[in-house]
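Have a look at the structure below before the remarks.
Values below: every heavy atom of this structure, side chains too, minus hydrogens, waters and symmetry copies.
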Amino acid sequence: MKHKLPAMTASLGALILSALAVFVWNEARKEIIFLCGNFTAGVSEESVVRQLDTGNFLRYRREAGASGSRIIADSRYNLGTYRCCIELDREGVVKQAYVE
């Protein structure tokens, strides 16, 4: 029995860590999908940034383009597998937002 206890403890620890990783991955995914749904046409860039700043698992970056700019939000907690792309016009107003 003494030899089985460390193996059982290690297995239980691995199971708990795996469950925690899956939970955090899913929460990051839900946060991206939920927030991306808020960014409809006509929303200001300031509102987008204010909402993105409330995210617990998010990171985002801005990219300049010829006809406006784009904000891409993702999460390192789900390895960037879900991304919210927010297309902005030259005035800083959302044209469209979608999850990739």
Could you measure the distance from the [atom1] atom of [X] to the [atom2] atom of [Y]? Nearest 0.5 Å is fine.
{"X": "R83", "Y": "N78", "atom1": "CZ", "atom2": "CG", "answer": "12.0 Å"}
{"X": "D89", "Y": "K95", "atom1": "CG", "atom2": "NZ", "answer": "6.5 Å"}
{"X": "L52", "Y": "I32", "atom1": "CG", "atom2": "CD1", "answer": "10.0 Å"}
{"X": "Q51", "Y": "T54", "atom1": "CD", "atom2": "OG1", "answer": "6.5 Å"}
{"X": "T81", "Y": "W25", "atom1": "OG1", "atom2": "CH2", "answer": "5.0 Å"}

If every non-hydrogen atom of [X] is compared with every non-hydrogen atom of [Y], which pair is closest and at what distance?
{"X": "F39", "Y": "C84", "value": "CD1-SG, 4.2 Å"}
{"X": "A28", "Y": "S75", "value": "CB-OG, 3.5 Å"}
{"X": "V93", "Y": "G42", "value": "CG1-CA, 3.4 Å"}

Is there a path of hydrophobic side-chain contacts, each under 4.5 Å between heavy atoms, that joins [X] and [Y]?
{"X": "L20", "Y": "F57", "result": "yes"}
{"X": "I72", "Y": "I33", "result": "no"}
{"X": "V49", "Y": "L88", "result": "yes"}

Legend entry - Sidechain N-carboxylate O distance under 4.0 Å for E63, R70: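 The answer is yes: the pair qualifies as a salt bridge.
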
Legend entry - Short N-O contact, E45 and R62, less than 4.0 angstrom: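 Result for this pair is yes, salt bridge flagged.
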
Inset, instruction - Determine whether the side chains of D74 and Y60 contain a donor N or O and an acceptor N or O closer than 3.5 Å. - result: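 Absent: no donor and acceptor within the cut-off.
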
Inset, instruction - Establish, from distance only, whether the side-chain atoms of Y77 and E27 form a donor-acceptor pair under 3.5 Å. - result: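 No, because no side-chain N or O of Y77 sits under 3.5 Å from a partner of the opposite role on E27.
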
Could you tell me whether a side-chain N or O of [X] sits under 3.5 Å from a main-chain N or O of [Y], the two making a donor and an acceptor?
{"X": "E31", "Y": "N56", "value": "yes"}
{"X": "S47", "Y": "S44", "value": "no"}
{"X": "R90", "Y": "A66", "value": "yes"}
{"X": "S69", "Y": "G65", "value": "no"}

Inset, instruction - For atom OH of Y98, decide whether the heavy atoms of other residues, nucleotides or ligands shown that lie under 6.0 angstrom number more than 12. - result: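 Counting neighbours around OH of Y98, more than 12 heavy atoms of other residues, nucleotides or ligands fall under 6.0 Å, so yes.
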
Legend entry - Partner of V94 by side-chain contact (heavy atoms from CB on, under 4.5 Å), out of I86, T40, N38, I71: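 Only match with V94 under side-chain contact (heavy atoms from CB on, under 4.5 Å): I86.
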
